[in-house]
Structures are given as C-alpha cells and as structure tokens.
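If you read the sequence from its start, that first residue is 1, and numbering goes on from there.
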Amino acid sequence: FSPSVLGTREHWDAAYERELQTFQDIGDAGEIWFGEESMVRIIRWLEKQKVPLDSSVLDIGTGNGVLLIELAKSGYTSLTGIDYSPSAIRLSEKVREKEGMSNIKLKVEDFLAPSAELSGFGICIDKGTFDAISLNPDNAVGKRKQYVRSLCSVLKPEGFFLITSCNWTKEELLKEFREGFEILEELPTPKFCFGGRIGNSVTALVFQRK
C-alpha cells in the first residue's frame, strides 16, 4: 500500500478532536466504521457461537466506542476499548456516559506497545485498525509484524480474533496472521459487481489463536 496520513496518529487525533466537538455540540457520536451491519455481523457471530456473556472482549482501536456500546446492549459484561488517540478515548468516554454504560473500560493504549495489564482476553475485535497501521508512512511492514506479536500477547490461547478490513483480501490476511493463528470462518459481507466480476469491498474473518 502507498503510505497515507490515514496511518498516522496526528490524523486520528485531529479527526477525533473534530468528532468530540461535534458530539459536544449536537450529540452525534460520528462515523461507524464499515457501517451498522459490521457491528451486527460481529454480534451475531458471537451469539451463534454461544460465546459466554462474561467473556473478556478487547476492541482494538475503539474510536468512538460505539461497537462496545452495542456489545453491552447485547448483554456482554467484560468490555475494554483501547485507542492510541487520547481524543478518541475522550469521545468514547462521552458516548459511554450518554448511554449509561459505566461498566465499559476505556484506555489510551498503543496496541503496538501494549502495557502488561493488557492480557488474557478471550476475544479481540479489529474494525479498520490493522488497515490504518498498514498505511503508516514509517515502516508499515515492521508495524504489521508487531501487531501480530501484540495480538499473541493479549489474546488467550484458543481465543477468537475478529477482523474487518477494506484493504486486505482473505488470502492476504491468512498470510499476515499465519504465525500463531488459524482461520475459523469468513463472515458474509456485502458484494459488489464491477465489469462483470463480483467481489467484496470488505473482508471479515474469524481467527483462533493456536
């Protein structure tokens, strides 16, 4: 991929600063990455697998925290969201407060250098964070490898990793996460047709840590 400002912390700090201001002005939590259906898809899969409601869930790059709100509304009780942007965490705290979901934990954390207390999760969810890391102008390849190492350190053996991406195909993601993970399932995503060929603009996969 070509390096992009979308891979820099400065971009996300500025973006979430704007969204925080908008939320304070009109109560709008901002964009839901990959739309509502991406959240429904994740929650439906967890329910289908009968994942216990007290399983510890980590939302990597939580942004405005809306996915965690939806998980809490579905009955999940051990929810943590991290983001390296302090503005994103401030915004997600405001959204959490508005929704009255005080049991959701939110922290400023860089997933590429996770703190020691960030460990033992049964489920990790990523909607677009790996995509953003892949666009970092400064050693994106090294950062992707570090992401996989971090994932191995925070996710319990046999824990689930659900990733939604618009930059990577299924085959590419299988290659990126071949160290320590096996594919369980590809989740259905919207299809598009272009020039007579059918494809997916979004890839959603479930991995299990070996």
Please list every donor-acceptor pair under 3.5 Å in which a side-chain atom of residues 113-122 meets a protein atom from a residue at least two apart or in another chain.
residue	atom	partner	partner atom	Å
Ser115	OG	Glu109	OE1	3.4
Ser115	OG	Glu109	OE2	2.4
Glu117	OE2	Lys107	NZ	3.2

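Not counting sequence neighbours, Ala140 has no partner by the side-chain contact (heavy atoms from CB on, under 4.5 Å) test. Remark: Asp54 pairs with no residue by the side-chain hydrogen bond (donor to acceptor under 3.5 Å, both in side chains) rule, at least two apart or across chains. With sequence neighbours excluded, the residues that form a side-chain contact (heavy atoms from CB on, under 4.5 Å) with Arg149 are Lys145, Gln146. For the side-chain contact (heavy atoms from CB on, under 4.5 Å) test, residues two or more places apart in sequence or in another chain that qualify with Asp110 are Arg9, Tyr84, Leu112.
Glu172 contributes a side-chain N or O that, together with a main-chain N or O of Thr169, makes up a donor-acceptor pair within less than 3.5 Å. Judged by distance alone, with hydrogens and angles left aside, the side-chain atoms of Arg178 form a donor-acceptor pair with the main-chain N or O of Lys175 at under 3.5 Å. Not a single donor-acceptor pair under 3.5 Å links the side chain of Arg209 to the backbone N or O of Phe181. A distance-only check finds no donor-acceptor pair linking the side chain of Ser56 to the backbone of Ser78 [under 3.5 Å]. Put simply, the side chain of Arg144 never gets that close to the backbone of Glu176: no donor and acceptor are under 3.5 Å apart.
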Practice task
Would you please test Leu187 and Leu205 for side chain to side chain contact (heavy atoms under 4.5 Å, CB included) and show each step?
Solution key: CA-CA 6 Å; Leu187 303 182; Leu205 301 180; over 6 Å; no
Exercise for the section: May I have the step-by-step check of side chain to side chain contact (heavy atoms under 4.5 Å, CB included) for Thr164 and Thr203, ending in yes or no? Expected result: CA-CA 6 Å; Thr164 306; Thr203 304; over 6 Å; no
Practice task
In sequence, state the C-alpha distance, the side-chain angles, and the governing distance for Leu151 and Phe207, and then conclude on side chain to side chain contact (heavy atoms under 4.5 Å, CB included).
Solution key: CA-CA 11 Å; Leu151 189 59; Phe207 289 93; over 6 Å; no
Practice task
Evaluate the criterion salt bridge (charged side-chain N to carboxylate O under 4.0 Å, His left out) for residue pair Lys98 and Glu93; output intermediate values, then yes/no.
Solution key: CA-CA 9 Å; Lys98 181 188 173 192; Glu93 284 169 347; over 6 Å; no
Practice task
Go through Ser92 and Asp83 one step at a time and tell me if the side chain to side chain contact (heavy atoms under 4.5 Å, CB included) criterion holds.
Solution key: CA-CA 10 Å; Ser92 53; Asp83 205 293; over 6 Å; no
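Side-chain contact between Thr62 and Ile89 is present, with heavy atoms from C-beta onward closer than 4.5 Å. Inter-residue side-chain proximity for Val108 and Ile82 is flagged as unmet; no heavy-atom pair is nearer than 4.5 Å. Between Thr80 and Val57, every side-chain heavy-atom pair lies at or beyond the 4.5 Å cut-off. The side-chain heavy atoms of Asp126 and Leu162, taken from C-beta on, include no pair separated by under 4.5 Å. With contacts defined as side-chain heavy-atom distances shorter than 4.5 Å, the pair Ser74/Glu47 qualifies. Put simply, the side chain of Ile123 does not reach to within 4.5 Å of the side chain of Leu58, judged on heavy atoms. At a threshold of 4.5 Å between non-hydrogen side-chain atoms, the residues Phe160 and Ile125 do not count as touching.
For the 3.5 Å distance criterion, the side chains of Asp131 and Ser165 qualify, holding a donor opposite an acceptor.
Atoms CG and CE, from Asn103 and Met101 in turn, are 7.5 Å apart once rounded to the nearest 0.5 Å. In this structure, Leu71 CG and Asp59 CG are separated by 7.5 Å, a value rounded to the nearest 0.5 Å. Separation of atoms CD1 (Ile43) and OG (Ser38) is listed at 9.5 Å; rounding is to 0.5 Å. Here the straight-line distance linking atom CD of Glu182 with atom CG of Leu174 works out to 11.5 Å at 0.5 Å rounding. In this structure, NZ on Lys94 lies 14.5 Å from CD on Glu99, to the nearest 0.5 angstrom. Separation of atoms CD (Glu70) and CG (Leu79) is listed at 11.5 Å; rounding is to 0.5 Å.
The neighbour count for Lys210 NZ, taken as heavy atoms of other residues, nucleotides or ligands under 6.0 Å away, is above 12.
Of all non-hydrogen atoms in Ile104 and Ala72, the two that sit nearest each other are CD1-CB, 4.1 Å. Of all the heavy atoms in Cys124 and Val154, the pair that sits closest is SG-CG2, 3.8 Å. Heavy-atom minimum distance, Val202 versus Thr189: O-OG1, 2.7 Å.
Using a 30° and 60° split on the angle between ring planes, Phe130 and Trp168 fall in the tilted class, from 30° to 60°. Using cut-offs of 30° and 60° on the angle between ring planes, the pair Phe161 and Tyr147 is tilted.
Salt-bridge check for Lys143 with Asp138: passed, with a basic side-chain N closer than 4.0 Å to an acidic carboxylate O.
Sorted by first then second residue, the salt bridge (Lys or Arg N to Asp or Glu O under 4.0 Å) pairs that include residues 151-170, not counting sequence neighbours, are Lys170-Glu186.
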